[in-house]
Amino acid sequence: MTHPDPAPSRAGARPRVFSGMQPTSDLHLGNYLGALKQWVAGQHERENVFCVVDLHALTIPEAIDPAQLRARSRAVAAMYLASGLDPETATVFVQSHVPEHTEAAWLLNCVTPLGWLHRMTQFKAKTEGRASIGTGLLDYPVLQAADILLYDTDEVPVGEDQVQHVELTRDIAVRFHHLFGDVFVLPKAVVPTSGARVMGLDEPTAKMSKSIADERPGHAVRLLDPPNVIRKAIMSAVTDSERETRFEHASPGVRNLLTIWQVLSGRPMTDLEAEVEGKGYGALASEA
Ligand code: ATP
Ligand code: LTN
């Protein structure tokens, strides 16, 4: 793994991309369709910096085993490469190996109003029902802002759930500029048109997520699952009692399967709808 220069010069005209994933567990289809697939698709037109954000994974300390975190950080970096990132083009590194991330987070902390952090929907979701909440969980988006701003990032390719954090990053940068003068590039989130929010197969009203996948086998398709496990998860995906397979009218579970199929096949939705019309979910699930 190479270490990026945390303050690179912007001699090149290509837009710079920064993004990252937490090594909390094995990556799943949502991580791939929402983020990784875009990273790979744009890599030759952009300058790429991709991080394994192990410090973010510490924000839920109950879920952390230090040895496992180290192993998972390497595994996530390997998944980046296995998904098609070219190490000749993309810089791939582990966040905790570059101390400037935490240093910059401190400076940004000092200009970030607490109220902005309390409004983050991910913070609300991750603290729900939790007896003890670490300060790191509240501060999580400031470390993320540091990740992004350190590299003069133009674009942040992420799934839909991270858009709010990228917008907060811009707000923090603007506030910093207001106080101390312009230093940062203002980044924008880049979200795929389809697959930006893949839902849980067993609960299509909730986002597919690594932490839930650890507890519920039918929740996600993990990128390292063998074909028979993937087939079983897709075939037992929750749909509904209607037989509607037209995307506009379908239930959340059916929409989710259609979306997955559409993004992976690259075919227009109307083609897919026509193919399974009247055949019910069995046909849809086996195609997906
Ligand atoms: P955790 O459950 O540990 O919070 P996660 O599955 O939500 O993990 P992250 O590491 O938080 O995954 O996210 C990595 C990237 O994958 C982010 O860009 C995020 O927006 C994207 N992503 C995560 N889940 C999905 C999903 N279900 N659909 C689309 N994109 C997703
Ligand atoms: N919060 C992100 C992970 C993350 C990130 C980043 C994404 C940390 N730092 C910088 C993009 C840019 C998540 O996916 N949960």
Side-chain angles (χ1 to χ4, degrees), residues 17 19 21 26-42 79 83-84 121-122 124-125 155-167 188-213 215-288:
V17 165
S19 198
M21 298 200 189
D26 294 333
L27 302 187
H28 54 67
L29 196 57
N31 300 133
Y32 180 72
L33 298 182
L36 253 176
K37 190 168 179 279
Q38 306 191 75
W39 304 359
V40 172
M79 292 298 299
S83 300
T121 51
Q122 183 175 292
K124 291 185 198 160
E155 296 176 6
V156 187
V158 280
E160 196 182 274
D161 63 314
Q162 293 304 310
V163 171
Q164 193 184 35
H165 285 169
V166 180
E167 281 165 4
K188 69 166 195 284
V190 180
V191 174
T193 45
S194 216
R197 188 173 178 82
V198 177
M199 308 308 276
L201 296 175
D202 61 346
E203 189 190 4
T205 47
K207 178 186 93 96
M208 185 180 284
S209 122
K210 290 192 231 101
S211 20
I212 301 178
E215 289 154 24
R216 305 202 311 242
H219 174 75
V221 168
R222 294 168 190 249
L223 301 185
L224 295 178
D225 282 343
N228 61 319
V229 173
I230 296 179
R231 169 164 284 273
K232 192 169 167 213
I234 296 275
M235 293 304 283
S236 39
V238 168
T239 47
D240 66 4
S241 54
E242 307 279 321
R243 295 184 64 80
E244 182 58 77
T245 49
R246 285 170 304 168
F247 187 83
E248 281 305 318
H249 306 278
S251 66
V254 172
R255 281 178 179 228
N256 196 34
L257 289 181
L258 280 168
T259 304
I260 291 171
W261 183 19
Q262 194 234 317
V263 187
L264 291 177
S265 67
R267 293 170 56 195
M269 188 60 84
T270 45
D271 264 27
L272 310 185
E273 289 169 330
E275 200 167 309
V276 290
E277 199 191 337
K279 294 188 191 161
Y281 308 132
L284 171 56
S286 46
E287 294 293 349

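Sequence positions, counted from 1, serve as the residue numbers for this chain.
Looking at every heavy atom in both residues, M199 comes nearest to K207 through CE-N, 4.0 Å. Pairing each heavy atom of L29 with each of I260, the nearest pair is CD2-CG2, 3.6 Å. A pairwise comparison of heavy atoms in S19 and V156 identifies OG-CG1, 4.5 Å as the closest pair.
For the pair L258/R255, no side-chain contact is recorded, criterion being any heavy-atom separation below 4.5 Å from C-beta on. Looking at P157 and V17, their side chains come closer than 4.5 Å, going by heavy atoms from C-beta outward. Taking 4.5 Å as the limit, some side-chain heavy atom of R267 sits within range of a side-chain heavy atom of E275. Looking only at side-chain heavy atoms (C-beta outward), Q262 and S194 come within less than 4.5 Å of each other. For the pair L201/N256, a side-chain contact is recorded, criterion being any heavy-atom separation below 4.5 Å from C-beta on. You'll find the side chain of M79 reaches within 4.5 Å of the side chain of L224, heavy atoms only. At a threshold of 4.5 Å between non-hydrogen side-chain atoms, the residues L36 and M21 count as touching.
The main-chain N or O of E203 is never found under 3.5 Å from a side-chain atom of H219 such that the two would form a donor-acceptor pair.
Remark: S83 OG to L223 CG distance equals 6.0 Å, nearest 0.5 Å.
With sequence neighbours excluded, no residue satisfies salt bridge (Lys or Arg N to Asp or Glu O under 4.0 Å) with D225. Take P227 and apply the side chain to side chain contact (heavy atoms under 4.5 Å, CB included) test, not counting sequence neighbours, and it matches no residue.
Residue pairs meeting the salt bridge (Lys or Arg N to Asp or Glu O under 4.0 Å) criterion with at least one partner in residues 26-37, sequence neighbours excluded, are D26-R222.
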